[in-house]
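Computed from a predicted model, the values in this text were never measured in an experiment.
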Amino acid sequence: MRFCRIHFSHVLRKTQNGIGFARFGVQAIRGMLSMLVRTELLVFVMLSGGVVTPAQAEVHQEAGEAGGFWRVEIGNDAFLKEDSNFTSGLSIQFFDDLRAADGENFGSGNAFNWPLRWVAGSRKSGWIREGYAVGQLLVTPGDLQAETWEEGELPYGSTLTLSKIWQFFNEEEQRALQLTAGVLGDESAGGRIQDFVHSKLGLGQSPEGWDTQRETELLLNLAIQYKRKLWRWGVRQNDWSGSLLVASGGQFGNLMTGLDTSVALRWGWNLPVGFSPEPAPPGVGIADGGFAPLDEGASSQSLEFDLSLGANWIAYSVIYDGSMLTSDDRKVERKPGIVSLGITTSYQIRNRFTLRVGLVFSSPLLENIHADVISNGSETRRDVSYGSIVIEIPL
C-alpha cells in the first residue's frame with residue numbers, strides 16, 4: 001500500500017467533500033425511497049384497475065422446503081469482442097434454504113435478523129432467503145500497453161467485494177436488501193489476475209499499466225430493490241406462460257450511488273415460481289435468489305427467455321469519478337446515466353443444474369474525450385456492454 005503526506009488544507013478539503021457527500025447521501029436516500037413508494041403506488045393502482053391476470057396454475061406451496069444452491073457468474077466484455085471499460089466480473093454466490101415467511105423464520109429474538117423482517121414487511125404469504133456473494137470486478141482503459149496514465153483517460157481499477165443478501169418473494173412481488181463491503185486497489189489483486197489470464201494463459205493482450213490503478217480504498221455499499229409482476233398469462237406448470245414486471249431500486253455508498261428502474265418480459269415453458277435473476281456485476285448489481293425450484297410434480301426441465309429495458313442514474317462512482325476519501329481524484333468525463341437492454345436465456349434440469357446465458361447492451365456512459373484514442377490506436381469503449389454466463393448447482 002502506498003502512503004503519502006496529507007497536509008492540513010488537503011484534510012480540510014476532504015472533510016468538506018465528506019460533508020457534502022453526506023448531505024447528498026441523505027437526498028439520495030430520500031429520492032430512492034420516494035421512487036420505491038411511487039412504484040408501489042403505481043402497481044397498486046394498476047392492480048385495482050384489473051390489469052393483472054392471475055396465473056392459471058397454483059403456486060407450489062411446498063417450495064418453503066426447498067434447498068439452497070451455489071452459483072458461479074462470469075461477466076466479460078470479451079463475449080462482445082471488446083476489452084476495455086468494464087472488462088470482467090467474476091462472482092461466486094451461495095443461497096441458503098427457502099423458508100416460509102412466518103414469525104418463526106424471522107428470528108424475532110435475534111437483532112441481526114432485522115433485514116429479513118424489513119424486506120418481508122407485513123407480507124406473510126411467500127418465502128424468505130439469505131445469500132452471500134464474493135466477487136472481483138475489473139475496469140481497464142483501451143490501451144493495455146500504455147505504462148503511464150494520460151489525463152482524461154480511464155484509470156485501471158479493480159474491486160474485491162463480499163455481499164450479504166436478504167430477500168422476500170412470492171409469485172407477485174420481490175423485495176431485496178444487499179450490504180456490500182470490500183476493497184478497491186492493489187489489494188483486490190485485479191492486476192495479477194488479468195496478467196495471469198492474458199499473459200500466462202495467452203487469452204489477451206498483456207496489461208502494462210496496473211501500476212497506475214486506482215488507489216487503495218475500503219468500500220461500503222447498501223442496495224435495495226423492489227420487483228412486481230403487472231401481468232401474468234398462461235399455465236406455469238408443464239406449459240407455456242409469461243409475465244410482465246417492473247423493478248426499481250438504488251444504491252448508496254462510496255463504491256456507487258444511484259437509482260435504477262426497469263421493465264422486463266419473462267416467457268418460457270414450465271417456469272419456476274418467483275422471478276428471474278438478472279446479470280449482476282460483483283458489488284454493483286444485486287445477487288438474486290428470488291425463485292423456487294421446479295415443482296416436483298412437473299417436468300424436470302424448464303426453458304426461459306427474458307427481455308429487459310432499464311435505465312440507471314449514476315450520481316457517483318469511485319471507478320469513474322475518483323475518490324472522495326483518498327487523494328485519487330482522477331475523473332473521467334461521463335454522462336449522468338445509461339439505458340440498457342438485457343437478453344437472457346435459461347435452461348434448467350431439476351436437482352441437476354441451471355445454465356443462464358445473457359447479453360447486456362448499454363448506451364454510451366463515457367463522453368468523447370481527447371484521450372479516447374491514444375498511442376497505439378486502441379479506443380476505450382464508451383459503453384459498458386458485456387456478456388454473462390451463469391451456472392447454478394442445487395444443494
Side-chain angles (χ1 to χ4, degrees), residues 52-73 92-107 116 119-120 123-133 165-176 227-229 231-245 264-278 280 287-306 344-358 389-395:
V52 176
T53 302
Q56 297 177 27
E58 294 182 356
V59 174
H60 180 47
Q61 296 298 331
E62 297 302 319
E65 301 175 359
F69 63 91
W70 285 93
R71 174 190 291 155
V72 176
E73 180 170 345
I92 300 176
Q93 306 165 24
F94 167 76
F95 286 88
D96 66 2
D97 298 351
L98 281 178
R99 290 169 286 164
D102 55 39
E104 293 182 5
N105 288 319
F106 288 136
L116 285 177
V119 295
R123 301 161 178 82
K124 301 302 180 183
S125 176
W127 302 277
I128 53 177
R129 170 172 265 164
E130 299 178 71
Y132 298 88
I165 306 102
W166 298 269
Q167 287 186 303
F168 164 86
F169 75 96
N170 54 32
E171 188 66 335
E172 297 291 346
E173 63 177 336
Q174 174 181 293
R175 292 161 61 104
K227 294 182 179 181
R228 180 78 189 209
K229 293 180 181 178
W231 182 30
R232 293 190 289 145
W233 66 89
V235 178
R236 183 179 59 79
Q237 190 178 92
N238 289 341
D239 208 337
W240 294 95
S241 63
S243 60
L244 178 68
L245 63 97
L265 178 66
R266 181 192 188 202
W267 177 72
W269 188 82
N270 198 33
L271 294 179
V273 173
F275 293 77
S276 301
E278 301 171 355
D288 190 349
F291 55 89
L294 293 174
D295 302 333
E296 290 292 341
S299 171
S300 63
Q301 300 182 63
S302 172
L303 180 64
E304 181 176 337
F305 305 94
D306 296 276
T344 304
T345 301
S346 306
Y347 175 70
Q348 179 181 168
I349 298 180
R350 183 176 57 235
N351 299 329
R352 296 293 182 84
F353 72 90
T354 300
L355 175 64
R356 306 183 193 276
V357 179
I389 296 179
V390 177
I391 299 178
E392 296 170 2
I393 305 296
L395 300 178

Determine the minimum heavy-atom distance between [X] and [Y], stating which atoms define it.
{"X": "Leu245", "Y": "Phe275", "result": "CD2-CD2, 4.0 Å"}
{"X": "Gln237", "Y": "Ala298", "result": "CG-CB, 3.3 Å"}
{"X": "Ser302", "Y": "Pro272", "result": "OG-CD, 3.8 Å"}

Could you tell me the separation between the [atom1] atom of [X] and the [atom2] atom of [Y], rounded to the nearest 0.5 Å?
{"X": "Ser243", "Y": "Leu265", "atom1": "OG", "atom2": "CG", "answer": "7.5 Å"}
{"X": "Arg266", "Y": "Thr344", "atom1": "CZ", "atom2": "OG1", "answer": "12.0 Å"}
{"X": "Trp70", "Y": "Ile92", "atom1": "CH2", "atom2": "CD1", "answer": "8.0 Å"}
{"X": "Asn238", "Y": "Asn270", "atom1": "CG", "atom2": "CG", "answer": "5.0 Å"}
{"X": "Arg236", "Y": "Leu294", "atom1": "CZ", "atom2": "CG", "answer": "8.5 Å"}
{"X": "Trp127", "Y": "Asn170", "atom1": "CH2", "atom2": "CG", "answer": "7.0 Å"}

Backbone N or O of [Y] within a donor-acceptor pair of the [X] side chain at under 3.5 Å?
{"X": "Arg99", "Y": "Ile128", "value": "no"}
{"X": "Arg350", "Y": "Ser299", "value": "yes"}
{"X": "Gln348", "Y": "Gln301", "value": "no"}
{"X": "Gln167", "Y": "Gly289", "value": "yes"}
{"X": "Gln93", "Y": "Glu73", "value": "no"}

(request) Would you check if the distance from the ring center of Phe95 to the ring center of Phe291 is below 6.0 Å? (result)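 Centroid distance Phe95-Phe291: not below 6.0 Å, so no.
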(request) Under the side chain to side chain contact (heavy atoms under 4.5 Å, CB included) rule, what do Leu355 and Ile389 come out as? Steps first, then yes or no, please. (result) CA-CA 7 Å; Leu355 175 64; Ile389 296 179; 4.2 Å; yes
(request) May I ask you to decide if the ring planes of Trp267 and Trp240 are parallel, tilted or perpendicular, using 30° and 60° as cut-offs? (result)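 Taking Trp240 first and then Trp267, their aromatic rings lie parallel (interplane angle under 30°).
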(message) If the condition is salt bridge (Lys or Arg N to Asp or Glu O under 4.0 Å), which residues does Glu392 pass it with, not counting sequence neighbours?
(response)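 Scan of Glu392 (salt bridge (Lys or Arg N to Asp or Glu O under 4.0 Å), adjacent residues dropped) gives Arg71, Arg356.
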(request) Verify the neighbour count for atom OH of Tyr347: are there more than 12 heavy atoms of other residues, nucleotides or ligands below 6.0 Å? (result)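 Atom OH in Tyr347 is packed in, count exceeds 12.
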(request) Output, in order, the C-alpha distance, side-chain angles, deciding distance and verdict of side chain to side chain contact (heavy atoms under 4.5 Å, CB included) for Asp288 and Phe169. (result) CA-CA 11 Å; Asp288 190 349; Phe169 75 96; over 6 Å; no
